[in-house]
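Count residues from 1 along the sequence.
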Amino acid sequence: MDQYIKPIDIRWSDIDANFHVRHSVYYDYGASCRVKFLEEFGLTNTLMQELHFGPILFREEAVFRKELRLGDVVKIDLQLIKSRKDFSRWTIRHQLIKNENIIATVITVDGAWINTEIRKLATPPAQVVNVFDKMPRAAEFEWHGL
């Protein structure tokens, strides 16, 4: 897959006292994009519960370049920038693009998978590997020992 892009609707409740999107909402946009990707490719919340697996984040960072405001046309992408070959650890980047070509924010997350029964990091089951293998990879993607 070359790209995965979703539109974002900025809501009134996303706006802060300075009339732009408040900082914590950007992280919600990223999480929503990741969950939508997983669900669209069959890794639903129900399946993760049945498999006793779920994603966990170690780091989440946003670099704010341009503000987002009500009325902006915004989309978010998702790219895998590095991963272990078994997809047990990974780094995903999102770019929030406004008004067709302005990169407003770059969000980067480092994550892994947790076994939700024993509450420990674990190698993901085949279903996770199949979904992550479909994720768009950045031009600079690399397999990594992380």
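- Distance check, rounded to the nearest 0.5 Å: CG of Asn115 to CD1 of Ile118 gives 4.0 Å.
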Original post:
Please walk me through it: do Val21 and Tyr26 pass side chain to side chain contact (heavy atoms under 4.5 Å, CB included)?
Top reply: CA-CA 8 Å; Val21 172; Tyr26 291 85; 3.6 Å; yes
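- In this structure the side chain of Pro55 reaches within 4.5 angstrom of the side chain of Met48, judged on heavy atoms.
- The same ILVMFWY cluster, assembled from side-chain heavy atoms under 4.5 Å apart, contains both Val129 and Phe53.
- Looking only at side-chain heavy atoms (C-beta outward), Leu38 and Thr44 stay at 4.5 Å or farther from each other.
- Note that CD1 of Ile8 and CG of Asp72 are 11.0 Å apart. Values are rounded to the nearest 0.5 Å.
- By the salt bridge (Lys or Arg N to Asp or Glu O under 4.0 Å) test, Arg137 pairs with Asp133, sequence neighbours left out.
- Under the 4.5 Å side-chain contact rule for hydrophobic residues, Val35 and Leu43 do not share a cluster.
- Residues forming a salt bridge (Lys or Arg N to Asp or Glu O under 4.0 Å) with Glu50 (at least two apart in sequence, or on another chain): none.
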**OP:** Could you walk me through whether Val63 and Thr105 pass side chain to side chain contact (heavy atoms under 4.5 Å, CB included), step by step?
**Re:** CA-CA 6 Å; Val63 176; Thr105 308; 5.9 Å; no
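- Note that the SG atom of Cys33 and the CG atom of Asp77 stand 7.0 Å from one another [nearest 0.5 Å].
- Residues Phe41 and Phe132 place their aromatic rings such that the two centres sit no closer than 6.0 Å.
- Counting non-hydrogen atoms of other residues, nucleotides and ligands closer than 6.0 Å to CG of Asp9 gives a total of 12 or fewer.
- To the nearest 0.5 angstrom, Lys66 atom NZ is 7.5 Å from Ile102 atom CD1.
- No path of Ile, Leu, Val, Met, Phe, Trp and Tyr side chains, each step under 4.5 Å between heavy atoms, connects Met135 with Ile5, placing them in separate hydrophobic clusters.
- A donor-acceptor contact shorter than 3.5 Å links the side chain of Lys98 to the backbone of Glu67.
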**OP:** Go through the steps to decide whether Phe64 and His23 satisfy the test side chain to side chain contact (heavy atoms under 4.5 Å, CB included), and finish with yes or no.
**Re:** CA-CA 9 Å; Phe64 303 102; His23 72 284; 4.0 Å; yes
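- Pro136 places a side-chain heavy atom less than 4.5 Å from the side chain of Leu78.
- Under the rule for a side chain to side chain donor-acceptor pair (under 3.5 Å), Gln127 has no partner lying at least two apart in sequence or in another chain.
- Residues passing the salt bridge (Lys or Arg N to Asp or Glu O under 4.0 Å) test with Glu39: none are found, sequence neighbours excluded.
- Partners of Lys134 by salt bridge (Lys or Arg N to Asp or Glu O under 4.0 Å), not counting sequence neighbours: none found.
- Side chain to side chain, Arg34 and His94 meet the donor-acceptor criterion of an N or O pair below 3.5 Å.
- Rounding to the nearest 0.5 Å places NZ of Lys6 at 6.5 Å from NZ of Lys36.
- In the hydrophobic clustering of ILVMFWY residues, with side-chain heavy atoms under 4.5 Å counting as a link, Ile97 and Ile81 come out apart.
- Screening residues 102-111 for salt bridge (charged side-chain N to carboxylate O under 4.0 Å, His left out), with sequence neighbours left out, gives Arg59-Asp110.
- Pairs of residues two or more places apart, or lying in two chains, never qualify as salt bridge (charged side-chain N to carboxylate O under 4.0 Å, His left out) while including a residue from residues 116-132.
- Considering only residues two or more places apart in sequence or on other chains, Arg93 meets the side chain to side chain donor-acceptor pair (under 3.5 Å) condition with Gln79, Glu140.
- A distance-only check finds no donor-acceptor pair linking the side chain of Thr108 to the backbone of Glu60 [under 3.5 Å].
- Legend: salt bridge (charged side-chain N to carboxylate O under 4.0 Å, His left out) pairs involving residues 12-31, not counting sequence neighbours, sorted by first then second residue: Arg11-Asp14.
- Applying the ring pair (Phe, Tyr, Trp, His ring centres under 6.0 Å) rule to Tyr4 yields the partners Phe37; only residues at least two apart in sequence or on another chain are considered.
- No side-chain heavy atom of Tyr29 sits less than 4.5 Å from a side-chain heavy atom of Val74.
- In the hydrophobic clustering of this structure, Leu51 groups with Trp113; members are Ile, Leu, Val, Met, Phe, Trp, Tyr whose side-chain heavy atoms approach within less than 4.5 Å, directly or through other members.
- In this view, Trp143 and Phe87, Phe141 satisfy the ring pair (Phe, Tyr, Trp, His ring centres under 6.0 Å) rule, not counting sequence neighbours.
- Residue Ile114 belongs to a hydrophobic cluster whose other members are Ile56, Phe58, Leu121, with links defined by side-chain heavy atoms closer than 4.5 Å.
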**OP:** For the pair Ile103 and Leu96, evaluate side chain to side chain contact (heavy atoms under 4.5 Å, CB included) and give the outcome as yes or no after the intermediate values.
**Re:** CA-CA 6 Å; Ile103 298 174; Leu96 284 87; over 6 Å; no
